[in-house]
Amino acid sequence: TLNNVLVGDVWLCGGQSNMAQTMDRYLIWDQVKGDFSNPYLRLFKIKEGGISSAEPSKELVIDPFFKNTWQSCTPDFAAKFSAVAGFFGMQLQQDTKVPIGLLYANRGATQANSWLPRELLETNPRYARFLDPSNPNFKESKNNPGAIRTPSHLYNGTIYPLAPFAIKGVVWYQGESDSRWAQLYADLQTDIITSWRALWGYEFPFCVVQLAPHAVVPWDQLGEARAWVRDAQYQSVKAMQNAGLVVITDAGEGQDIHPQAKEIVGHRLATLAASLDDPTIDAECPKFEKMLVKQDRIFLRFTDVGDGLETRRVAMNRAAGFLPGQGPEPAIAEVGTLTGFTICGEDQVFVPALARIISQYTVEVFSPHVSVPVAVRYGWANFPLCNLYNVNGMPASPFRTDAFPMPSFTGSVTTSPSSNIVSDWGSPMQVGNVGDGAYEEVVVDGQSAFKTEGLFLYFVAPEITKPTTATIVVQYHDSGYDTIRMLYDSTSDEVYNGNAHGAWKPGPVIQRDGTGCWKTVEIQLPDVRFSKACNGADLRLQSTSFFTISDVYLKTQSLLN
């Protein structure tokens, strides 16, 4: 006998921590928990943190708090369920009057490759970096227990067991962990959608949450890596059938990667999901269509504007730990003043722009500093402040009108292939025999080299006690896909104070691309002080995995004026 059976729509709620984090971790929960009793909303939670498996598995592991079954939505169960999914399900059920079931299947800090089948990763050469042994996600660590973030393991253990249980569709919130390779993310997200649909055997709706504004991305020197991911999310959804995008440029926080405004995310997802069945519901956000340049102005035309474009007040916290817009010195864009646009000329240097809505579909953009404009960007930052909406209350998706190449977010230096030592590189620096810099001497492609036994390699130069500039040439074997960072002893005020020198100053980053050949890079260091004061050495190369260096050369020295 089966009792208390509902017939309705089941949604799979997946992604990383912004989908995974539970309702009771957010400040708004105390205000709304009394409203989270709904017998027509059912919750089913896969073990919190997800399940890892080296091979596709049919074992379903349920979170013990949910007692191995579906639960009716009550404050007790909603508190331990996804905040985004909870707001989504409650709003969708109330709007549609259809029973709603939610499947929780998430893991924080996961890359998209964790959620893809292995055979798909193996057939795309662009994904080689994820399957390379240099990928730290293959190794168990405190932040990677059981190596759960290994490529495909969450697909195998968390998603695969759910099929072929019938689902209406997927709501997906992920992408922060893939910002370093934003150039791959459109493919990654598209492959998640297509592979999951293939697993279930039909093209269910897929609703994607675009990344929220967030300022703290320490490795991103340009402050725009997340903007490129948002664009990749948009481009992926745009190219697919039965997929939709939720824009949340007004629901982020400067200091918290898990912003408080989860009700905004959930409600917009619910509107998008409801619109898939009811075409009278307008869930579309304004989208850039084309531009026209007239003298010193660029005119932008938008689609999906409904009854027209408008500005709205946006207030986002810079500090963490406050309800939305209530923190000290919030970032505010006022209604009536259109913000978030930048413009550039032929030099491709973007500057803040003035903008105004001039018609139902059109925005005019200009700057007194750009007389001959060529391109515009909107919301193009990790933490953008922008406020273009359509009348139905949906914010415009960030966009760019240009096709300029993606920059290096880490400031990595330009390298070039090189198989032979060149005489004008200068004198080789001596390898430092320091405790955590152990190495072995190897021959790679006929060339003698030093391969690290750990993560560090030290070098010693002739003593330089006066402020000096130096040109360093590094020849390295381009295996693996992580970076090699240079640190050095410096006279800079950042690390040197009188006689108390000896701290490492971060230098440039070398990006390894797995080409399997020898490469060289020339690096300028304007402020060296080489006196063997850092672990008995002057310069250190480090990475998160083994690397191979032929030699490091000190090319020139010149006194600073």
Side-chain angles (χ1 to χ4, degrees), residues 6-15 18-20 23 32 35-36 38-45 70 73 78 81-106 159 162-163 165-175 189-190 192-194 196-197 200 202-212 233-234 236-251 261-287 304 306 390 392-395 397:
L6 298 179
V7 177
D9 293 337
V10 175
W11 288 85
L12 171 56
C13 309
N18 269 305
M19 182 65 83
M23 191 79 79
V32 302
D35 298 326
F36 268 78
N38 186 340
Y40 297 102
L41 177 61
R42 302 293 169 88
L43 311 177
F44 190 95
K45 186 174 181 180
W70 289 92
C73 181
F81 204 76
S82 162
V84 167
F87 283 115
F88 160 74
M90 184 67 77
Q91 185 72 43
L92 184 61
Q93 198 287 312
Q94 293 171 349
D95 288 348
T96 63
K97 309 305 179 186
V98 172
I100 299 294
L102 304 178
L103 293 171
Y104 175 111
N106 308 277
I159 300 303
L162 296 174
F165 187 87
I167 59 173
K168 173 72 172 182
V170 171
V171 289
W172 177 251
Y173 192 164
Q174 191 272 339
Q189 181 174 277
T190 298
I192 285 174
I193 297 172
T194 55
W196 289 20
R197 285 174 172 173
W200 263 267
Y202 56 98
E203 293 199 358
F204 47 71
F206 209 102
C207 303
V208 174
V209 181
Q210 201 177 52
L211 296 188
Q233 292 173 311
Y234 169 77
S236 169
V237 167
K238 179 181 177 182
M240 302 202 74
Q241 296 293 322
N242 212 16
L245 185 73
V246 166
V247 179
I248 53 171
T249 49
D250 51 358
K262 290 296 185 282
E263 72 281 10
I264 292 178
V265 186
H267 292 165
R268 286 183 185 157
L269 277 171
T271 301
L272 176 59
S275 72
L276 299 173
D277 284 330
D278 185 351
T280 66
I281 298 175
D282 185 3
E284 295 290 343
C285 61
K287 301 177 184 67
D304 297 318
N390 55 21
N392 71 354
M394 293 297 180
S397 174

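Numbers here simply count residues along the sequence, with the first being 1.
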Nearest heavy atoms of [X] and [Y], plus distance in Å:
X      : Y      : answer
Leu272 : Ala283 : CA-CB, 3.6 Å
Leu92  : Thr96  : O-OG1, 2.7 Å
Gly86  : Met23  : CA-CE, 4.0 Å
Trp11  : Pro205 : CH2-CB, 4.3 Å
Leu269 : Cys207 : CD2-CB, 3.8 Å
Arg197 : Gln241 : NH2-O, 3.1 Å

Report yes if the side chains of [X] and [Y] come closer than 4.5 Å at any heavy-atom pair, otherwise no.
X      : Y      : value
Gln210 : Val237 : no
Ile192 : Phe206 : yes
Leu6   : Arg42  : yes
Val10  : Trp70  : yes
Lys45  : Phe81  : yes

Out of curiosity, [X] [atom1] to [Y] [atom2], how far, rounded to the nearest 0.5 Å?
X      : Y      : atom1 : atom2 : answer
Tyr173 : Ser82  : OH    : OG    : 10.5 Å
Ile193 : Trp172 : CD1   : CH2   : 9.5 Å
Ile281 : Leu276 : CD1   : CG    : 9.5 Å
Phe44  : Leu103 : CZ    : CG    : 7.0 Å
Arg268 : Gln91  : CZ    : CD    : 12.0 Å
Asn106 : Met19  : CG    : CE    : 6.5 Å

For the pair [X] (side chain) and [Y] (backbone), establish whether a donor and an acceptor sit closer than 3.5 Å, ignoring hydrogens and angles.
X      : Y      : result
Asn242 : Glu203 : yes
Lys287 : Cys285 : yes
Glu263 : Val84  : no
Tyr104 : Ala20  : yes
Gln93  : Ile100 : no
Asp282 : Glu284 : yes

query = Does the pair Ile248 and Val209 meet the rule for a side-chain contact (heavy atoms from CB on, under 4.5 Å), with working shown?
reply = CA-CA 8 Å; Ile248 53 171; Val209 181; 3.7 Å; yes
request  = Could you check Val208 against Gln174 for side-chain contact (heavy atoms from CB on, under 4.5 Å), going step by step and ending with a plain yes or no?
outcome  = CA-CA 8 Å; Val208 174; Gln174 191 272 339; over 6 Å; no
inquiry  = Pair Val247, Met394 - check side-chain contact (heavy atoms from CB on, under 4.5 Å), show working.
reply    = CA-CA 8 Å; Val247 179; Met394 293 297 180; over 6 Å; no
Set of ring pair (Phe, Tyr, Trp, His ring centres under 6.0 Å) partners for Phe36, sequence neighbours left out =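 Phe36 satisfies ring pair (Phe, Tyr, Trp, His ring centres under 6.0 Å) with Trp29, Phe87 only.
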request  = Take the angle between the ring planes of Trp196 and Trp200 and call it parallel below 30°, perpendicular above 60°, tilted in between.
outcome  = tilted
